[in-house]
Amino acid sequence: MAKNLIYDIHDKPKFSNMLLFALQQLLAILAATIAVPTIIGIPTQIPAAIFGAGIGTLIYQLFTRFKSPVFLGSSFAFLSSLGVALAYGYMGIFLGSLVAGGVYVVIALIIRFVGTGWITKLMPPVIIGPTVTLIGLSLAGAAMGDIVKANSSTLYATNNLAALVCGLVTFFTVVICSTQKKYTMPRLVPFVIGITAGYAVASVLTAIGMLADLDYLKIINWKPLVNNFVAEDGSFRGLAAIIDYPHFSIVEGIKELVTGEISPEVLVANPKATVITAGGIAEVVIAFLPVALVVFAEHIADHKNLSYIIDKDLIKDPGLDRTLLGDGVGSIVGTAFGVCPNTTYGESVGCVAITRNASVVTITTTAIMCMVLSFISPVMVLLQTIPACVMGGVCLTLYGFIAVSGLKMFKGLDLNDNKNLFVVSAILISGIGGLTIQIPYALAANGAIAKTIQITSIATALILGIVTNFVLTKIEKSKLGKANEEDAKDE
C-alpha cells in the first residue's frame, strides 16, 4: 500500500462503507458541478450536469483502466466559451465540447507516438508546483465568499454572521474528524459528518428565524423543496415529485435542429439565441480551441498533484495519453448528457488527500450514484438546499489542501536561484492578481471589439510561467555556451 493511504487505488471497502465514501465524494464535488449551469443561466440543467459528470467519470475510469482516483465535473475554464456557445443553443454547447475533447484526443495521440519527454521539459516542477498551489489559492475568494453567505434571498444573504457560524461549525467538524486518532470512520468521512453538522445548525437557526420572523437567521431556503412536491395551485405534483428525468443536451440539441426552435430555458438565458449556422460553428470553434489547449496544462498539473498524494506516477501508469483520452472522450459524452465540458476536479483530489482514501471503486461508485440520483427529484432539490456557508466551510479545507499539495512540490527546488524565483513569482503573482487574457475575435460595425475569448487567470499564469522559464533557460544556456567557448580559447 502507498504511504499514508488507508485505502489504496485497488482496495475495495465494504459495500456499506463504500456508499458512504461515495456520498462524501459527491458532496465534495457538488457545489462546483451545479455552479456552472447556474452561472450560464440554465439552472434547470443541474440534474443533467450531475448525470453528465457521472457518465464522464465512468468513461475516464475505463480509459485509465481504473488506476486514477479522481472525479470529473463541470469545468469553470470554459465559462466564457459556453457563453458564446449558448447563443446557438444546446447544439452549440455540444459542438464546443467536441472541439475541447478533440484537442485532448489529438494531444493524447501525439504523446502515444512521441512520448512525454517534451512535456517534462515544458512544465518542470518549478512550473507545476506553483500552478497547483495557485489552483487552491485562486479558489480561496469563492470559498470565503460562500462561508458568510446564506441561501435565502433576503437583504442579509451576504456577510451574514449566522452563516459564518454554520460554516465554521462545518469546518471545525471536518478538521476534528480528520485529525482525531481514536476512530477510523470519522477520518474517512469527515465531509459527510461536517456537512451534516453544518446543515443541522443552519436548520435550527432557520427555524428560529421563521418562528421569530428574523430574516437574518434564515440561512436555508426550503422553497425549492416545497415546490418540488406542491404545484402552484397547491396540488401534489404526483410521480414527477419523486422521479424525473434530466433533459439531456444532445436530445435538446437535436430537437432544435429538427424544429428550428431554440429550447425555452436557453432563451431565458439568452433571448437572442438562434439555431446554429455555419458562421456559428466557426465562432464556437474559435471560442473553445485556445481554452482547450491551455486547460490541457491544468490537466497535467492535477495529475501531477494526485500522483504526489497517492505516491504513484499517473503520468507513467496508466499514462498521460490514457488520462487525456479519458478526460477528452469523457468530457464529450458528459456534455452530450449534461450541459458543459468536464475536467478533473481539485475538490476530488483534495478529498482523496484529506481522507487518504484513494480507492478507485469509491470514485466509480460516486459516478454511478450521480447518474442514479439525477433521476430522483427530492434528492436533487435537497442537495441544492445545502447552504453556501456550509459548502464554504468544506471548501476552506479542500482548497487549502490543494494549495499545500503544490507547496510540497517545492521540496528540492532551489529558490535562491533567481531563475526559479522569477518563474514562481510570475505564476503566483499573476494568478493571485487575477491576470486574464482577453482575445478579441469579432468587431462591431463601428470597429469596436464586439466579442472576446477569456483565458482564465490560472491558465494565463501558467502560460506566463512557461514563457518566463523558457526565456531564462535560453539565456542561461547562451551564457553557459559563451563561457565554455572563452574557457576553450584560454586553454
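We're numbering straight along the sequence, starting at 1.
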Quick one: closest heavy-atom pair of [X] and [Y], and the distance?
X	Y	value
Ala143	Cys395	CB-CB, 3.8 Å
Thr355	Cys351	OG1-O, 2.7 Å
Phe288	Pro341	CE2-CG, 4.0 Å
Ser138	Ile135	OG-O, 3.0 Å
Thr33	Gly73	OG1-CA, 4.3 Å
Pro378	Ile242	CD-O, 3.3 Å

Note to self: Under the side chain to side chain donor-acceptor pair (under 3.5 Å) definition, can you give me all pairs with a residue in residues 381-401, not counting sequence neighbours?
What the structure shows: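 Listed by first then second residue: Tyr199-Thr385, Glu347-Tyr399.
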Check: Does anything in residues 16-29 pair up under side chain to side chain donor-acceptor pair (under 3.5 Å), and if so which pairs, sequence neighbours excluded?
Finding: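 For residues 16-29, and leaving out neighbouring residues, the side chain to side chain donor-acceptor pair (under 3.5 Å) pairs sorted by first residue read Gln25-Ser348.
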[atom1] of [X] to [atom2] of [Y]: how many Å apart, nearest 0.5 Å?
X	Y	atom1	atom2	answer
Thr170	Ile147	OG1	CD1	7.5 Å
Ile243	Phe375	CD1	CZ	10.0 Å
Ile46	Leu30	CD1	CG	8.5 Å
Leu373	Leu26	CG	CG	6.5 Å
Ser331	Tyr60	OG	OH	13.0 Å

Pairing donors with acceptors under 3.5 angstrom, does anything connect the side chains of [X] and [Y]?
X	Y	value
Thr344	Asp302	yes
Gln61	Ser68	no
Tyr88	Glu283	yes

Quick one, [X] and [Y] - any side-chain contact, counting heavy atoms below 4.5 Å?
X	Y	result
Val132	Lys304	no
Leu324	Ile111	yes
Phe229	Arg237	no

Margin query: Just checking Phe51 against Phe248, ring centres under 6.0 Å apart?
Written below: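 Yes, ring centres under 6.0 Å apart.
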Note to self: Is the distance between the ring centroids of Phe21 and Tyr7 under 6.0 Å?
What the structure shows: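 Centroid separation for Tyr7 and Phe21: below 6.0 Å.
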Notebook entry, point to check: When you look at CZ of Phe15, are more than 12 heavy atoms from neighbouring residues, nucleotides or ligands closer to it than 6.0 Å?
Noted result: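 Count not over threshold, so no.
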Notebook entry, point to check: With sequence neighbours excluded, what pairs up with Thr323 under the side-chain hydrogen bond (donor to acceptor under 3.5 Å, both in side chains) test?
Noted result: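 Per chain and number, Thr323 pairs via side-chain hydrogen bond (donor to acceptor under 3.5 Å, both in side chains) with His299.
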Notebook entry, point to check: Are Lys312 and Asp8 ion-paired here, with the side-chain N under 4.0 Å from a carboxylate O?
Noted result: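 So Lys312 pairs with Asp8 through a salt bridge.
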Item checked: Results of side chain to side chain contact (heavy atoms under 4.5 Å, CB included) for Val275 - residues two or more places apart only ->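 Scan of Val275 (side chain to side chain contact (heavy atoms under 4.5 Å, CB included), adjacent residues dropped) gives Leu257, Ile262.
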Check: Got a sec, which residues hit side chain to side chain contact (heavy atoms under 4.5 Å, CB included) with Val106, two or more places apart in sequence or on another chain?
Finding: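 So Val106 forms a side chain to side chain contact (heavy atoms under 4.5 Å, CB included) with Ile110.
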Next item on the list: Sequence neighbours left out, what passes salt bridge (charged side-chain N to carboxylate O under 4.0 Å, His left out) with Asp317? Give chain and number order.
Entry: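 Here the qualifying residues are Arg65, Lys67.
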Next item on the list: Assess whether side chain to side chain contact (heavy atoms under 4.5 Å, CB included) is satisfied between Leu398 and Ile354, documenting all intermediate values.
Entry: CA-CA 8 Å; Leu398 283 175; Ile354 293 174; 4.2 Å; yes
